[in-house]
Amino acid sequence: MGEIAETAIIGGALAGLSLAYDLVERGFPPSALTIFDRGDAHRGSNAPALMMHPFPGREVRLRRDQGAFFVKSFKRMAQWRERFGEQQWWRSGTMVRPITDDDRGQLLYDSWQKVHHDLPEPIECQNMEAQEVNRRYSGLNLSTPALVYEPAAAVVAAPLLKHLRDLLDAKGVRFRDEAVESLDGTQEQGWTCVTSGTRWIGERVVLAVGSALADYFPGLDLRRRAGELLILQPPDSVRLGAFVNVKKHIVELADGRWVLGSTYFDPTDSTPRDDRVVIRALKNGVVDVIPAVEEAEVVRIWRGERGVFGSDDMPLVGPVPGRPGLFSMAAFGSKGLLWAPAAGAALAGLLMGHDNTISPHMDSRRMSADKWGRDHQWRISAR
Ligand SMILES: Cc1cc2nc3c(=O)[nH]c(=O)nc-3n(C[C@H](O)[C@H](O)[C@H](O)COP(=O)(O)OP(=O)(O)OC[C@H]3O[C@@H](n4cnc5c(N)ncnc54)[C@H](O)[C@@H]3O)c2cc1C
């Protein structure tokens, strides 16, 4: 790397810290890196549990480099497990996807038939009879076969993020727990981030702001998508032993509680979301195969928001066209764990001038400068 470019990352959650970790690992001087975070309670990274598995969509397929990214992100998680220990935040498991007797099941089965001979290591996926699934996983009661695959994991992001932050902090990265209220790219020195008390000036700014990216670029089809997760205390004797994804997904945490999710709606929708309706919608998504959810006690409902790029539902990672020194690391939708750790590594490579491994499917430059907008100044209001 030539001269050190003072760099700010706005957003210190899964995306921002993944990137910061890789920058520092590659030798970027920690003291030249500042991370701003305003601690949004509704951020996706605060979810009580996130699923990590290779096929988070309706089908078993690995399009748009998904397989390579899953493998890279999974390896990065393995490194973090090794480094920080895994007790508080990681649970490995097996994913069970019932091949239901409807169009959804057919789609799942057809997609599996096309790819199951050709899955990259370490992914393994088999078609298992209902009886065998029920025998192995006592909390399940399937009447149809299921796809059963590994690796899969339930991740509680908050403790992981704390480990990452502590590590970066100890190395000398500057953390500022404040909202960046405005961003100005018109000055010769580069970029200015203004908070309520101070201003930071430097050459590069990375927007790792989650769903707030929509505030910055109204010309792009960026959507905030809210969602709910249900935390359940199952009846005493019931253990799932597996993660399950039918119409909804359910994970069993190390302490025995279940997290059932998730809903998906526009947060500006004014229809009030009654708790009973949310609970019913989520339980209905799995009750056919896990009867015990009916008796499970509701501990609480968690509500959060993810940012989605509506045009192709892929992340936006890399330089913002037409705005030298500005970068995006956002729009990870409902697949933050699958994309963000690997995307952080790719963007760090680019920022360090080492290599460019940003997949063309998620490269921010697939959208033109016109779409990103040509104004060089924003007033960003903290919501
Ligand atoms: C209901 C629900 C279920 C989900 N389930 C899964 C799942 O099972 N598996 C999975 O992989 N993913 C899942 N996701 C998605 C996942 O949570 C996100 O993709 C991921 O957490 C995004 O991380 P991020 O760092 O990009 O954004 P966020 O977690 O939203 O963090 C953005 C950060 O930027 C900060 N910020 C924003 N603006 C400013 C500003 N102006 N100044 C300072 N700081 C700022 C915020 O405070 C926040 O800390 C789910 C999301 C939701 C909502």
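We count ligands from 1, going down the list as the structure has it; atoms in each ligand are counted the same way. This is a predicted model, so every value here is computed, not measured.
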inquiry  = Can you classify the ring geometry of F36 versus W200 as parallel (below 30°), tilted (30 to 60°) or perpendicular (above 60°)?
reply    = perpendicular
key: Proximity flag G307 to ligand 1, non-hydrogen atoms under 4.0 Å   = no
ask   = Quick check: does S45 get an N/O under 3.5 Å from an N/O on ligand 1?
value = yes
inquiry  = So if I count the atoms of ligand 1 from 1 in the order they appear, which ones are less than 4.0 Å from some heavy atom of M51?
reply    = 7 (C), 8 (O), 9 (N), 10 (C), 11 (O)
Contact check: S262 vs ligand 1, nitrogen or oxygen atoms, below 3.5 angstrom = no
ask   = Going by heavy atoms, is M329 under 4.0 Å from ligand 1?
value = no
message = Less than 4.0 angstrom from a charged side-chain N to a carboxylate O is my criterion; do D103 and R58 meet it?
response = no
ask   = Aromatic rings W112 and Y109: how do their planes relate, parallel, tilted or perpendicular, breaks at 30° and 60°?
value = tilted
ask   = Mind checking whether S334 has a heavy atom under 4.0 Å from ligand 1?
value = yes
ask   = Counting each atom of ligand 1 from 1 as listed, which ones have a heavy atom of E305 under 4.0 Å away?
value = 53 (C)
ask   = Hey, is the main chain of H42 close enough, under 3.5 Å, to the side chain of D40 for a donor-acceptor pair?
value = no
ask   = W90 and F74: aromatic ring centres closer than 6.0 Å?
value = yes
note = Atoms of ligand 1 under 4.0 Å from any heavy atom of E178, numbered from 1 in the order shown, are 43 (C)
ask   = What atoms in ligand 1 come closer than 4.0 Å to a heavy atom of G11?
value = 33 (C), 34 (O), 35 (C)
task = Tell me, please: is F265 in heavy-atom contact with ligand 1, that is, under 4.0 Å?
result = no
task = Would you please classify the geometry between the F217 ring and the W372 ring as parallel, tilted or perpendicular, with 30° and 60° separating the classes?
result = perpendicular
message = Is it the case that ligand 1 has an N or O less than 3.5 angstrom from some N or O of A330?
response = no
message = If the threshold is 4.0 Å, N to carboxylate O, is there a salt bridge linking R43 and D37?
response = yes
key: Numbered atoms of ligand 1 (with element) below 4.0 Å of G227, judged on heavy atoms   = 1 (C)
key: Summary of side chain to side chain donor-acceptor pair (under 3.5 Å) pairs that have at least one residue in residues 334-343, sequence neighbours excluded   = R306-S334
Proximal ligand 1 atoms for D37, defined as those under 4.0 Å from one of its heavy atoms = 33 (C), 34 (O), 35 (C), 43 (C), 44 (N), 46 (C), 47 (O), 48 (C), 49 (O)
request  = Looking only at distances, please establish whether an N/O atom of ligand 1 is found under 3.5 Å from an N/O atom of L14.
outcome  = yes
inquiry  = If hydrophobic residues (ILVMFWY) are linked whenever their side-chain heavy atoms come closer than 4.5 Å, directly or via other members, who joins I201 in its cluster?
reply    = none
task = Number the atoms of ligand 1 from 1 as they appear, then name those within less than 4.0 Å of a heavy atom of A179, with their elements.
result = 42 (N), 43 (C)
ask   = Does R38 reach ligand 1 with a nitrogen or oxygen that is under 3.5 Å from one of the ligand's nitrogen or oxygen atoms?
value = yes
request  = Using distance alone, determine whether R43 and ligand 1 share an N or O pair under 3.5 Å.
outcome  = yes
inquiry  = Considering both backbone and side-chain atoms of G12, is one of its nitrogen or oxygen atoms within less than 3.5 Å of a nitrogen or oxygen in ligand 1?
reply    = no
key: Atoms in ligand 1 with a heavy atom of G336 nearer than 4.0 Å   = 10 (C), 11 (O), 12 (N), 19 (O)
